[in-house]
Amino acid sequence: MTAWIIDGKVIAAELRGQVADEVARLGREHGLTPGLAVVLVGNDPASEVYVRSKHKQTQAAGMASFEHRLPADVAQADLLALIAQLKDGAYV
């Protein structure tokens, strides 16, 4: 059996390029800009780093990025209402 060296950074860069190309195509051909909406509840530092990274990567691909930060004590009904709005396409 031959061993393969998998370079995750190279694969990830290629994939990000493919996504950016597809985002550009959607814009050119259909006038659409895909986006990512994130809901962050509370102030977990690791989650904030992750969300910040996703925001940068999303914008680098030419996509829209929407962040919704809610306090840790948000009422469940309010959180579910926001999720329902996002599901229905109300990102802002």
* To do: Given side chain to side chain contact (heavy atoms under 4.5 Å, CB included), test V38 with H55 step by step and report yes or no.
  => CA-CA 9 Å; V38 174; H55 173 74; over 6 Å; no
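- Taking each heavy atom of V23 and G62 in turn, the nearest pair found is CG1-O, 3.5 Å.
- The two residues S65 and Q59 come nearest to each other via the heavy atoms CB-CG, 4.2 Å.
- Taking NZ of K87 as the reference point, atom CG of L80 lies at 12.0 Å (rounded to 0.5 Å).
- Atom CG of N43 has 12 or fewer heavy atoms from other residues, nucleotides or ligands within 6.0 Å.
- M63 contributes atom CE, which lies 12.0 Å from atom CG of L32 (distance to the nearest 0.5 angstrom).
- The same ILVMFWY cluster, assembled from side-chain heavy atoms under 4.5 Å apart, contains both L36 and L40.
- Surrounding NZ of K54 are more than 12 heavy atoms belonging to other residues, nucleotides or ligands, all under 6.0 Å away.
- Surrounding CD of Q76 are at most 12 heavy atoms belonging to other residues, nucleotides or ligands under 6.0 Å away.
- Between L79 and V74, the closest heavy-atom pair is N-CG2, 4.2 Å.
- Here the straight-line distance linking atom CD of E22 with atom CZ of R25 works out to 4.0 Å at 0.5 Å rounding.
- Of all heavy-atom pairs between T33 and A64, the closest is CG2-N, 4.0 Å.
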* To do: Assess whether side chain to side chain contact (heavy atoms under 4.5 Å, CB included) is satisfied between L82 and L86, documenting all intermediate values.
  => CA-CA 6 Å; L82 174 59; L86 294 171; 4.1 Å; yes
